[in-house]
Amino acid sequence: MHDIRLVRADPAAFDAAMSRRGVAPVAAEILAQDAARRGAQQALQEKQARRNALAKEIGQAKRSGGNSVALEAEGAALRDAMAALEAEASRAEAAQTALLEALPNILDAAVPDGQDETGNVVLHQHGEPPRPNFAPKQHFEIGEALGQMDFATAAKLAGARFTLLSGPLARLERALGQWMLTLHTEEHGYTETAVPLLVNAATVYGTGQLPKFEDDLFKTTDGRYLIATAEMPLTNLVREEIVPEPTLPRRYTGLTPCFRSEAGSAGRDTRGMLRQHQFQKVELVSVTRPEDSEAEHERMTRCAERVLTELGLIWRRVVLCSGDTGFSAAKTYDLEVWLPGQGAWREISSCSNCRDFQARRMNARMRAPDGKGTVFLHTLNGSGVAVGRALIAVLETHQQPDGSVQVPPVLRPWMGGIERIG
RNA sequence: GGAGAGGUGGCGGAGUGGUCGAUCGCGUCGGUCUCGAAAACCGAAGUAGGUGCAAGCCUACCGUGGGUUCGAAUCCCACCCUCUCCGCCA
């Protein structure tokens, strides 16, 4: 959500910022609604003031036994006049809000221009894609050969885009999640948080998936939504709060299933467990003072990168271009991992600085430094990392010619000490 | 799911149609006193919108949204949430 004052102050700059997002100019219409709202509100408030004065006079008249018939008649007329003004004020406000809440966040100046993912820019690479002396398999070939990854049975249970893991692979998924959570809580200062997986509309609105992206979510019969990411509940922890500044930054992490209804709708990645309706993810969320979010963004991304490094994966950091950056984000780093079986870089983490965009939607604030009023917090979220995709990367990266898979040393304590699967 | 009670300012808790944005207590902040502190006393202190160069002024907000009324924290309706008891249940 944008600050209307930003639009008022410089409509052209606002339209220019939106044009980077491919949004047609909207400032003029926003300002028209704003003017209509203010006009109606001003007139309404004058009448409200008169109504309050009348009510007092009538009260006094009645107490002293006087006649108040004329005053009451004026009040009745006033009430009717106010109804129209009130309707106009709320109509204009709703129209203005509808425009503002549908607009994506303003991009950071450092975000490169580009239409789609081909415009993203690689900033850093860790390791080189290896050239193994055997033909590396894709994760589903490895998992199915092991007899521990079963898509047919998952389809029987739930349909397409679900995965059934069993035995050591099921345990490997658990080990990955447990190890990541422990790393972030014990070494990165995040607070482990167990959250509801079903959330209400206000929560979904707060992080920006509503109202525009409702179709991407699973909705329950009672009007709730399955979380698409733990970002939703974790970020909304500060919704409608005025957070004491000394408690910032707040860093939350959680391991949750994520549910995405849109996954697979484009027909991409139809084989394997890369793109599923349900997957596990360890999420990182930070809430900071405005001046700290940029540094926090770097820090958060490094926390996610450490996960990949310690798993022995080949990865690179990419800054998303204007056309690929998500709705709520001002700037996003994707971490891409090299998948030897697929022979491609694939996203395994996405770390975004949303600045005050979500905080405005949530009304999440802290006291202003000068003591006058409040300022909106900054929120950030990142995968630390996607567990399902980490499983894929571990399988493809550490596969052996005989079809077995080496367990990365950091996971062995979580795997009962075994060094190899298969 | 059934029955009942309740949601008021940071917290507790008054207030059941008219100077109530709201008594009071606690907590917080500033001051007086003190060598310093405590106590005591005095004072300050919500959020947002509109308007104004500003000081300020106006408006809204007593869970949320409607309604009744000249006037609603107070009456009516719906919804949300909390608590107690019963039932069911991992």
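Every heavy atom of this structure was used, including side-chain atoms; hydrogens, water molecules and symmetry mates were not. In the text below, chain A, chain B and the rest are named by the order of the sequence lines, each starting its count at 1.
Proximity of R38(A) to the phosphate of U51(B): a side-chain N or O atom is located under 4.0 Å from OP1 or OP2. At the phosphate of U47(B), neither OP1 nor OP2 sits under 4.0 Å from any side-chain N or O atom of T374(A).
Listed by chain and residue number, nothing satisfies the ring pair (Phe, Tyr, Trp, His ring centres under 6.0 Å) test with H398(A) (two or more places apart in sequence, or in another chain). Considering only residues two or more places apart in sequence or on other chains, E294(A) meets the salt bridge (Lys or Arg N to Asp or Glu O under 4.0 Å) condition with none of them. The side-chain contact (heavy atoms from CB on, under 4.5 Å) test applied to S404(A) returns Q400(A), D402(A), R420(A), not counting sequence neighbours. Residues forming a side chain to side chain donor-acceptor pair (under 3.5 Å) with T163(A) (at least two apart in sequence, or on another chain): Q276(A). P11(A) is linked by a side-chain contact (heavy atoms from CB on, under 4.5 Å) to A27(A), L31(A), counting only residues two or more places apart in sequence or in another chain.
Contact check on R302(A) versus E305(A) returns no salt bridge, with no Lys/Arg side-chain nitrogen under 4.0 Å from an Asp/Glu carboxylate oxygen. Ion pairing of R79(A) with E86(A) is absent here, as no side-chain N (NZ or NE/NH1/NH2) approaches a carboxylate O to less than 4.0 Å.
Checked by atom type, the side-chain pair E231(A)/T207(A) shows no donor-acceptor distance below 3.5 Å. Residues E283(A) and Y252(A) bring no donor and acceptor atom of their side chains to less than 3.5 Å of each other.
Between F357(A) and H378(A), the distance separating the two ring centers is not shorter than 6.0 angstrom. For an aromatic pair to be called close, the ring centres must be under 6.0 Å apart, and F140(A) with F151(A) fails this.
Comparing the P positions of C89(B) and U16(B) gives an interatomic distance of 45 Å, to the nearest angstrom. The gap from the C1' atom of U84(B) to that of G25(B) amounts to 27 Å, rounded to the nearest Å. G7(B) and G65(B) have their C1' atoms separated by 16 Å, given to the nearest Å. One C1' atom belongs to U59(B), the other to G21(B), and the distance between them is 12 Å to the nearest Å. Using C1' as the reference atom, G9(B) and C24(B) are 13 Å apart when rounded to the nearest Å. A3(B) sits 16 Å from G87(B) when the P atoms are compared, rounded to a whole Å. Remark: the separation of the C1' atoms in G46(B) and C42(B) is 22 Å, to the nearest Å. Separation of the C1' atoms belonging to U28(B) and A45(B) is 9 Å when rounded to the nearest angstrom.
Considering K331(A), R251(A), Q358(A), M300(A) as possible partners of L380(A), the one that fulfils the side-chain contact (heavy atoms from CB on, under 4.5 Å) test is M300(A).
Residues from residues 362-369 of chain A that place a heavy atom under 4.0 Å from any atom of RNA chain B, listed by number: R365(A), R367(A). At a non-hydrogen distance threshold of 4.0 Å, nothing from residues 230-246 of chain A comes into contact with RNA chain B.
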*Where does RNA chain B pair, written as one dot-bracket string 5' to 3', with Watson-Crick or G-U pairs under 3.5 Å, ( ) inside the strand, [ ] for crossing pairs and | for another strand?*
((((((((.[[[..)..(.....]]].(((((.......))))).((((((....)))))).[[[[[..)....]]]]])))))))....
Can you check nucleotides 6-10 of chain B for protein contacts, nitrogen or oxygen pairs under 3.5 Å, and list what you find?
none

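For residues 14-36 of chain A, the pairs satisfying salt bridge (charged side-chain N to carboxylate O under 4.0 Å, His left out) are R8(A)-D34(A), R20(A)-D113(A), D34(A)-R37(A), D34(A)-R38(A), with sequence neighbours left out. Under the salt bridge (charged side-chain N to carboxylate O under 4.0 Å, His left out) criterion, the residue pairs touching residues 352-366 of chain A are D3(A)-R360(A), D108(A)-R355(A), D356(A)-R360(A), with sequence neighbours excluded.
Using a 4.0 Å heavy-atom cutoff across all strands shown, R8(A) reaches sugar-phosphate atoms only and no base atom.
The line from OH of Y333(A) to CG of N120(A) is 13.0 Å long, rounded to the nearest 0.5 Å.
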_Candidate pair L169(A) and L395(A), rule side-chain contact (heavy atoms from CB on, under 4.5 Å), full reasoning_ = CA-CA 9 Å; L169(A) 276 197; L395(A) 293 184; 3.7 Å; yes
*When every nucleotide of nucleotides 58-80 of chain B is labelled 5' to 3' by its protein contacts under 4.0 Å (heavy atoms), B for base, S for sugar-phosphate only, - for none, what sequence of letters results?*
BBS--------BBS---------
